[in-house]
Amino acid sequence: MNDAYRPPPVTDDWDWRMLGRCHTRSASRFFHPNDDMGRVSRRLREASAKLICVSCPVRAECAAHALVNNEGFGVWGGFTEAERILLRQSGWRDALDGSGRKADVSRLERRLRSAGLLRAHPARA
Ligand code: SF4
């Protein structure tokens, strides 16, 4: 077995969540209700969540957590469910720091953007 690469641990320290900009906000902005099948409302909700994430002091930790733990739902670290699926397909592990607890979100955004897969950020559109 090639031991040059060791995957990061699947559990992590959740203390960073206390510093997240979403900490005191409703989770409904970051997670879709089960009965929400509308694409427009989903996009608006995701755009609203991403606006909060973009200036979050623990965005790197949050993005890493979602990718490492394969979070299937919601906006984490400024990335939607669909964007995380695309990152899993195009690669994301090289964007983690040595501890596996922080992700270089700029690198991940560039990867999505270069593949034409990153939606314009509402604040930059
Ligand atoms: S990056 Fe977004 S989802 Fe993650 S802790 Fe910060 S505000 Fe919350």
Side-chain angles (χ1 to χ4, degrees):
M1 178 178 170
N2 180 357
D3 62 358
Y5 172 74
R6 291 176 194 268
V10 293
T11 59
D12 69 357
D13 183 341
W14 282 78
D15 288 352
W16 56 266
R17 292 189 71 201
M18 304 299 281
L19 302 173
R21 289 196 65 210
C22 60
H23 182 58
T24 57
R25 296 173 194 265
S26 167
S28 65
R29 193 180 294 208
F30 294 83
F31 295 92
H32 305 290
N34 288 336
D35 59 350
D36 178 16
M37 301 302 284
R39 289 179 59 188
V40 172
S41 62
R42 174 178 284 249
R43 281 189 171 228
L44 289 173
R45 184 176 289 111
E46 288 176 341
S48 171
K50 285 163 80 87
L51 266 177
I52 295 170
C53 295
V54 75
S55 60
C56 179
V58 289
R59 187 177 176 198
E61 289 87 344
C62 185
H65 165 86
L67 289 165
V68 168
N69 293 288
N70 203 20
E71 292 285 357
F73 301 99
V75 173
W76 295 75
F79 297 101
T80 66
E81 299 161 18
E83 288 166 346
R84 286 196 304 279
I85 289 170
L86 295 168
L87 284 171
R88 284 190 200 102
Q89 294 169 351
S90 60
W92 54 271
R93 291 186 186 277
D94 61 319
L96 294 183
D97 73 354
S99 72
R101 292 177 183 234
K102 287 186 177 183
D104 181 340
V105 293
S106 296
R107 182 188 285 199
L108 295 173
E109 286 181 337
R110 279 196 304 275
R111 186 158 298 157
L112 290 173
R113 194 174 297 116
S114 68
L117 302 173
L118 185 67
R119 250 184 256 146
H121 191 284
R124 299 180 201 143

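Atoms within each ligand, like the ligands themselves, are counted from 1 in listed order. Since this is a predicted model, take the numbers as computed values, not measurements. Along the sequence shown, the residues carry numbers beginning at 1.
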N-O pairing of Glu83 and Lys50 below 4.0 Å: yes
List every atom of ligand 1 that sits less than 4.0 Å from any heavy atom of Val75, numbering the atoms from 1 in the order shown and giving each element. 3 (S)
Using a 4.0 Å cut-off to any heavy atom of Gly77, which atoms of ligand 1 qualify? 1 (S), 4 (Fe)
With heavy-atom distances below 4.0 Å as the criterion, list the atoms of ligand 1 near Arg59. 1 (S)
Test: Arg45 cationic atom under 6.0 Å from Phe30 six-membered ring centre, within 45° of axis: no
As a quick check of understanding, evaluate side-chain hydrogen bond (donor to acceptor under 3.5 Å, both in side chains) for Ser48 and Arg29, giving each step before the final call. CA-CA 7 Å; Ser48 171; Arg29 193 180 294 208; 3.3 Å; yes
Salt-bridge present (Asp104, Arg111; N to O < 4.0 Å): no
Sub-4.0 Å atoms of ligand 1 with respect to non-hydrogen atoms of Gly20: 5 (S)
Protein residue, atom and distance nearest to atom 2 (Fe) of ligand 1, heavy-atom basis: Cys53 SG, 2.3 Å
Which ligand 1 atoms, with their elements, are less than 4.0 angstrom from a heavy-atom of Cys22? 3 (S), 5 (S), 7 (S), 8 (Fe)
Got a salt bridge between Glu61 and Lys102, using NZ or NE/NH1/NH2 to carboxylate O under 4.0 Å? yes
Salt bridge or not for Arg88 and Glu81, using N-O below 4.0 Å? no
Compare Cys62, Ala27, Ala60, Cys56 and give the one whose heavy atom is closest to atom 3 (S) of ligand 1. Cys62
